[in-house]
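Taking it in order: structure first as structure tokens, then the write-up.
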Amino acid sequence: MEILHVTAECYPVAKAGGLGDVAGALPKYLNQLGHIAKVVMPMYRTKFLYNNQWEVVHKGYTNLGNRGFEFTVIREATNILGFDLYLVDINGLLDREKVYGYDDDTERFTAFQIAVLDWISAWQHKPDVIHVHDHHTALIPFMLRFSYKYGVLKNIPTVLTIHNAQYQGWMDWSNSHYLPRWDMWKWGMLDWKDNINPLASGIKCANVVTTVSPNYLQELKYMSNGLEALFEYEKGKCVGILNGIDLDVWDPSTDTYLSDRFSLKDAEAGKAKNKMELCDRFQLSFEKPLIVFIGRLVGEKGAEILPGTIHDSFVHVGRRMNYFILGSGFPEVENNLNGLKYLSEQDYNVYIGYNETLSHLMYAGADFLIMPSRVEPCGLNQLYAMRYGTIPMVRRTGGLKDTVIDYGDPGGYGICFNDVTVGDATHAVWRAVELYRNKKKMQELRQQMMQLDFGWETSVKQYVSVYSRIV
Ligand code: ADP
């Protein structure tokens with residue numbers, strides 16, 4: 001089968017979170033199974049663009065409402081990622097340094113989707129499936145079916161994967177003319193609560209909708225930022241498929257971001273070296289258990305309870321642990337975390353920003369990784385942590401519930417808690433500190449976690465069976 005993935009992110013070209021990791025791995029593993037998977041994404045101004053070779057494969061001219069624009073599609077020339085990668089260049093719209101966060105994101109991603117469909121219309125052999133990801137590309141199933149211009153593509157089946165349903169790409173109806181002329185009778189396929197809602201439209205129009213974990217799919221029926229009824233109504237075409245992790249990138253024995261690599265056999269020594277490096281660089285004390293957080297400092301991740309948890313655990317559990325935080329997000333949370341530095345007695349530090357290399361060192365060097373998430377569609381951090389012998393401390397939600405079993409339960413290896421509160425998280429910290437005193441148990445858990453199989457093999461097969469059903 002030939003599958004075209006349309007996405008806003010793809011590691012290592014451009015990544016803001018889990019979507020990037022998935023879009024960089026899934027196509028590669030599909031190709032390894034003998035399918036042809038390709039990726040098309042916007043051409044941002046990223047390092048990857050300047051460090052690789054490209055060839056122009058298509059030039060076109062199209063419209064976003066009344067605004068005409070030229071676009072160019074280029075292909076990476078050496079197949080360096082293990083799949084064909086295409087970038088769409090639209091001058092003045094997509095050529096930015098960041099992926100998201102601009103006032104004209106609606107125009108940027110709508111223009112991108114139109115350019116992609118114009119380009120595919122010109123292909124001689126059409127792909128068997130078009131697979132879109134999140135709201136940035138979720139208008140494609142609608143346009144395929146109801147924009148007159150794309151009649152030749154009408155019968156190509158589509159899959160929408162929801163990596164995060166919190167963001168839906170809401171557009172005012174006054175922007176409806178952005179979409180190439182479409183069948184007005186079908187306005188209801190765009191509408192949700194008096195707005196154009198691209199994610200809702202994707203759910204209505206795609207042949208199959210997948211979420212990135214089975215438990216998240218269940219949760220969306222009662223907590224999906226306004227789409228609950230839609231998920232209930234469309235449940236017949238929804239499937240939860242757990243993300244895998246890309247072992248070519250996330251393996252402590254081959255990880256090129258680490259200077260001290262390790263495997264199952266020398267995990268204790270290897271982790272200690274990485275912890276030492278972290279502690280030296282960030283003035284932390286090596287003897288105490290190191291608890292880290294990596295991620296966006298936003299409400300979904302429960303980030304606002306981190307400062308309180310750190311403060312309260314110092315008071316109630318005692319200064320028996322270290323913390324190191326990596327992330328960026330709400331200014332208030334960033335300020336509170338920065339403010340806590342005054343408390344530090346070599347047991348707390350924070351790095352505000354995005355840093356891929358540092359994140360790998362943290363997965364490798366930490367003893368525990370805390371995720372007090374309110375919403376977690378799949379969560380990759382806990383999977384990376386386990387692979388690197390770091391014990392996850394997670395709130396029981398979404399994919400965290402699917403992947404982490406509390407060490408107090410049969411076969412368990414992590415620490416789980418129920419609520420996004422300072423009290424619950426502090427209790428989890430206390431459990432971590434107590435567990436850390438038992439060196440033998442820590443070693444056993446590390447060995448157990450590092451052998452868990454969260455690779456892509458199983459998930460890719462599930463995607464293939466979804467495609468086979470609709471082709
Ligand atoms: P999200 O909801 O942000 O997509 P995921 O758990 O699905 O969350 O994916 C998070 C990915 O982003 C992981 O690969 C994680 O290591 C990475 N990440 C998040 N924040 C940062 C950061 N500040 N620096 C480096 N990597 C980060």
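Remember, predicted model here, so these are calculated numbers, not experimental data. One-based numbering, in listed order, for ligands and for the atoms of each.
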Q: Please say whether more than 12 non-hydrogen atoms of neighbouring residues, nucleotides or ligands are located less than 6.0 Å from NZ in Lys288.
A: yes
Q | Pairing residues for His360 by the ring-ring contact (aromatic ring centres under 6.0 Å, His included) criterion, not counting sequence neighbours | A | Trp250, Tyr257
List, for ligand 1, each N/O atom that has a protein N/O partner under 3.5 Å away, with both atom names and the distance.
| from | atom 1 | to | atom 2 | distance (Å) |
| --- | --- | --- | --- | --- |
| ligand 1 | 2 (O) | Arg296 | NH2 | 2.8 |
| ligand 1 | 2 (O) | Lys301 | NZ | 2.9 |
| ligand 1 | 3 (O) | Arg296 | NE | 2.9 |
| ligand 1 | 3 (O) | Arg296 | NH2 | 3.4 |
| ligand 1 | 4 (O) | Gly18 | N | 2.6 |
| ligand 1 | 6 (O) | Leu380 | N | 3.0 |
| ligand 1 | 6 (O) | Asn381 | OD1 | 3.1 |
| ligand 1 | 8 (O) | Lys301 | NZ | 3.1 |
| ligand 1 | 9 (O) | Gly18 | N | 3.1 |
| ligand 1 | 14 (O) | Lys15 | NZ | 2.8 |
| ligand 1 | 14 (O) | Asp21 | OD2 | 2.8 |
| ligand 1 | 16 (O) | Tyr363 | OH | 2.8 |
| ligand 1 | 23 (N) | Gly353 | O | 2.9 |
| ligand 1 | 24 (N) | Asn355 | N | 3.0 |

Q: Report the residues that fulfil ring-ring contact (aromatic ring centres under 6.0 Å, His included) with Phe324, sequence neighbours left out, ordered by chain and then residue number.
A: Phe282
Q.
Would you say Asn195 and Gln168 are linked by a side-chain donor-acceptor pair, where the criterion is simply a distance under 3.5 Å?
A. no
Q: Kindly indicate whether a cation-pi arrangement holds for Lys204 with Phe142, taking the cut-offs as under 6.0 Å to the six-membered ring centre and within 45° of the axis.
A: no
Q. Among all residues two or more places apart in sequence or in another chain, which pass the salt bridge (charged side-chain N to carboxylate O under 4.0 Å, His left out) test with Lys98?
A. none
